[in-house]
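As the structure lists them, so they are numbered: ligands from 1, and atoms in each ligand from 1. Model, not experiment: these values are computed from the prediction.
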Amino acid sequence: MASGMAELLRLLLSVAEKAANVARVCRQEASLFELLVQEKTGADKNKKFVQDFKTLADVLIQEMIRHDVCAQFPELTGFIHGEESNKFENGLGESVTVTVCAHKEDTTALLAKVLDGDQNAASLLSKVIHQDLQISDKTAESLQLSISPADVGIWIDPIDGTSQYIEGKEEEEPEEGFCPFGLPCALVLIGVYLRSTGQPVMGVINQPFNRKDFTGKGWKGRHVWGVSYGDVKAYSFTQCRPLCQQKDYLSVLLSSSEKPAVKDALTAISNSSLMYASGAGYKILCVVQGLVDVYVLSEGSTFKWDSCAPHAVLRALGGGVADLRESLRAHVNGNVGHTAELTYHQPHTESQGVDRWANRGGIIAYLDSSVIDKVVAALAGKI
Ligand code: 2IP
Ligand code: CA
């Protein structure tokens with residue numbers, strides 16, 4: 001049985017890579033790809049199972065992570081959360097609970113039930129889920145933290161940027177820059193937070209589709225991780241762009257669906273060059289890499305599973321993710337320099353369903369906290 005946080009990080013890196021393999025195999029194996037892209041509606045709809053295959057891919061990744069983590073860290077049982085429920089229901093009132101079994105053959109049999117008897121698809125998926133994959137990372141292995149896995153909880157987003165994953169535009173990520181859309185925007189996100197305070201302490205981000213492989217047909221991925229607890233700050237990459245704090249203008253990244261009032265207000269501080277990209281996690285990753293100064297979102301349309309992992313990585317670099325509404329309130333009260341960091345342990349108890357876990361005040365993701373005051377000054381009174 002594994003014990004400390006260094007072992008937990010190593011395991012999360014490995015399960016995130018397995019998750020990336022599931023994401024890649026679903027696009028690369030013809031029989032799975034068919035299932036992924038066909039959106040069954042009306043008369044074509046599968047009578048037996050209502051939910052789409054893409055939901056199954058998400059659920060499978062989530063359950064695989066849950067299974068592998070709980071097998072090594074039983075103290076995390078009940079503290080691993082995600083977006084998806086693992087119950088698949090059909091119009092006939094039958095339901096199948098998708099879980100990863102101890103043996104590959106049992107997982108295959110269970111998946112075949114959800115896949116309406118498609119043995120080939122079931123065994124392709126089961127093979128990837130049960131592969132023994134170990135990622136080694138010297139920095140991760142030497143990590144020493146004074147907390148233990150019994151002190152933390154986990155948020156999983158199996159595939160953030162699902163629409164880009166399904167649409168599948170084969171854009172490669174540029175050497176220095178980001179993709180506004182396409183497969184690179186789809187990310188596997190695993191975030192670890194402290195049960196006591198809700199602070200994000202460890203984040204693993206796997207990008208299954210970063211660049212094409214040498215054949216030009218398959219994809220190579222990459223991962224990024226970060227840890228921040230007390231005085232310990234560690235991350236997986238060596239170079240990060242130097243922050244230019246004296247700049248007159250900020251490079252601002254937004255969702256293409258952002259409100260016109262927000263776009264107008266931020267145009268002034270961005271020298272009229274607002275930028276857009278898909279995926280909440282991907283946009284925070286752009287901030288992590290210093291490709292933009294800030295990601296601003298005015299709506300409560302992201303959730304704890306979207307932000308926990310990249311938020312932890314940002315904290316490892318000295319940045320963070322603040323609640324936009326709280327930051328505006330602090331600004332109105334003259335509280336300059338206040339940061340209202342998002343936390344991950346408490347639901348909005350008065351809300352129902354997924355809204356319990358929404359980042360409902362909107363977000364500001366930054367590397368340098370001085371951008372918060374500039375953003376809230378530009379937005380105050382305008383939204
Ligand atoms: C989505 C996904 C979307 C994002 C939205 C997230 O998660 O990241 O791309 O919207 O906020 O909740 P946008 O791209 O406009 O920022 P998922 O793909 O997991 O549903
Ligand atoms: Ca998401």
Among residues two or more places apart or on two chains, list those pairs meeting salt bridge (charged side-chain N to carboxylate O under 4.0 Å, His left out) that have a residue in residues 130-146.
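Sorted result for residues 130-146: R10-E141.
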For ligand 1 and [X], I'd like to know whether there is a polar contact (N/O to N/O, distance under 3.5 Å).
X	result
G281	no
D306	yes
F303	no
A280	yes
T302	no
S256	no

Metal site angle (apex the Ca ion (ligand 2)), OD2 from D157 and OD1 from D306, 10 degrees
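Value returned, to the nearest 10°, is 90°.
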Write the atom name of the N, O or S atom in D160 that is nearest the Ca ion (ligand 2).
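Nearest N/O/S atom: OD1.
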CG-CD distance between N210 and E173, expressed to the nearest 0.5 angstrom
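Between N210 CG and E173 CD, I get 5.0 Å after rounding to 0.5 Å.
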Within the side chain of R222, is there an N or O that forms a donor-acceptor pair under 3.5 Å with the backbone of Q207?
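Pair absent, no side-chain N/O of R222 close to backbone of Q207.
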Is a side-chain donor or acceptor of D157 paired with a backbone partner of L189 at a separation under 3.5 angstrom?
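Judged by distance alone, no pair lies under 3.5 Å.
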What is the ring orientation for F178 with Y282, classed by angle as parallel under 30°, tilted 30 to 60°, or perpendicular over 60°?
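Judged by the thresholds at 30° and 60°, the geometry between F178 and Y282 is perpendicular.
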Using non-hydrogen atoms of the residue, decide whether Q164 is closer than 4.0 angstrom to ligand 1.
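No heavy atom of Q164 comes that close to ligand 1.
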Mark yes when over 12 heavy atoms from residues, nucleotides or ligands other than K259 sit less than 6.0 Å from its NZ; otherwise mark no.
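More than 12 heavy atoms, drawn from other residues, nucleotides or ligands, come within 6.0 Å of this atom.
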Step through it carefully: locate the ring centre of H311, locate the ring centre of Y344, and say whether they are under 6.0 Å apart.
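Yes; Y344 has its ring centre under 6.0 Å from that of H311.
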Cut-off 3.5 Å, side chains only: do [X] and [Y] have a donor facing an acceptor?
X	Y	result
K233	S228	yes
Q131	N21	yes
S278	Q164	yes

Looking only at heavy atoms, is any part of I159 under 4.0 Å from ligand 1, and if so is it the side chain, the backbone, or both, or is it neither?
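Only the backbone of I159 comes within reach of ligand 1.
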Of the backbone atoms (N, CA, C, O) and the side-chain heavy atoms from C-beta on, which set of E83 has a member under 4.0 Å from an atom of ligand 1: side chain, backbone, both, or neither?
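Contact part for E83 vs ligand 1: side chain (C-beta onward).
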Where is the nearest protein heavy atom to [atom]: which residue, which atom, and how far?
atom	result
atom 17 (P) of ligand 1	T162 OG1, 3.4 Å
atom 1 (C) of ligand 1	D160 OD1, 3.6 Å
atom 14 (O) of ligand 1	G279 N, 2.9 Å

Looking at [X], which atoms of ligand 1 are within less than 4.0 Å of one of its heavy atoms?
X	result
S255	13 (P), 15 (O), 16 (O)
K283	13 (P), 14 (O), 16 (O)
S278	14 (O)
S301	11 (O), 12 (O)

Testing W155, F303, Y193 for ring pair (Phe, Tyr, Trp, His ring centres under 6.0 Å) with W357, which one passes?
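Looking at W155, F303, Y193, the match for W357 under the ring pair (Phe, Tyr, Trp, His ring centres under 6.0 Å) is W155.
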Does E83 bring an N, O or S atom to within less than 3.0 Å of the Ca ion (ligand 2)?
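It does not; every qualifying atom lies at 3.0 Å or beyond.
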Evaluate the 4.0 Å heavy atom contact test for atom 10 (O) of ligand 1: does a protein atom fall under the cut-off?
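Within 4.0 Å: no protein heavy atom nearby.
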Flag the pair K263 / L254 as yes when at least one side-chain heavy-atom distance between them is below 4.5 Å, and no otherwise.
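Yes, their side chains come closer than 4.5 Å.
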